[in-house]
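Reading through the structure tokens given below for one structure.
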Amino acid sequence: MASGERKLWLFKSEPFVFSIDDLAAAKGKRTCWEGVRNYQVRNMLRDEIKKGDGILFYHSRVDPMVIAGTAEVVKEGYPDHHAFDLDHKYFDAKSKPDTPTWYMVDIVLKQVFKNPVTRDQLKGDSGTAEMKLLSKGSRLSITPVTEAEWNAVHQLAGVKLK
DNA sequence: GCCAACGTTGGC
DNA sequence: GCCAACGTTGGC
């Protein structure tokens, strides 16, 4: 895929549930992004997020809150089978295998930032201050990111982009 | 179909 | 721990 076609996203995770270090320790540094139970985010997972898309990995609800690194989509939207599993914490009776309600994607770790970018840095930098992540009331666990924001985040992290 | 009550998210 | 901003639920 040509790099110009890829989209960019920010995925939020509470690091005490699943951190970028957990991703680094996972088999193949890969995981399924499970448990999304919000329709707007579901639609993104099902329809918009494609293989090869770039991901900023954000740690929420910790001090400090940071963009901890990057990942990439390796498998696009497919049914979240945990919703079918009666014993699983993400079980949802309204989601059926032939008409799944919930979706997930698989991601693989790309880079752990040596200098994670804090939320305060994002707010203070003109290149990132407009990110959807920072907008008041935005509680979505996945938000789109522009190429310019992606570049600005890498600059703040002290990472050179090719 | 409206909307009040309730539950959850997540920054502060 | 607080609470604003949402999303969902359920009575009518």
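Numbers restart at 1 for each chain; the letters A, B, ... are given by sequence-line order, proteins then strands.
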Going 5' to 3' along DNA chain C, which nucleotides are the first and last within contact of chain A (any atom under 4.0 Å from a heavy atom)? C:dA5 to C:dT8
Is the distance between the ring centroids of A:Trp102 and A:Tyr39 less than 6.0 Å? yes
Taking the six-membered ring for Trp and the full ring for Phe, Tyr or His, determine whether the centres of A:Phe57 and A:Trp33 are under 6.0 Å apart. yes
Contact check, side chains of A:Leu56 and A:Val153, non-hydrogen atoms, under 4.5 Å: yes
Take a 6.0 Å sphere around CD of A:Glu130 and say whether it holds more than 12 heavy atoms from other residues, nucleotides or ligands. no
Could you pull out all residues at least two apart from A:Gln155 that satisfy side-chain contact (heavy atoms from CB on, under 4.5 Å)? none
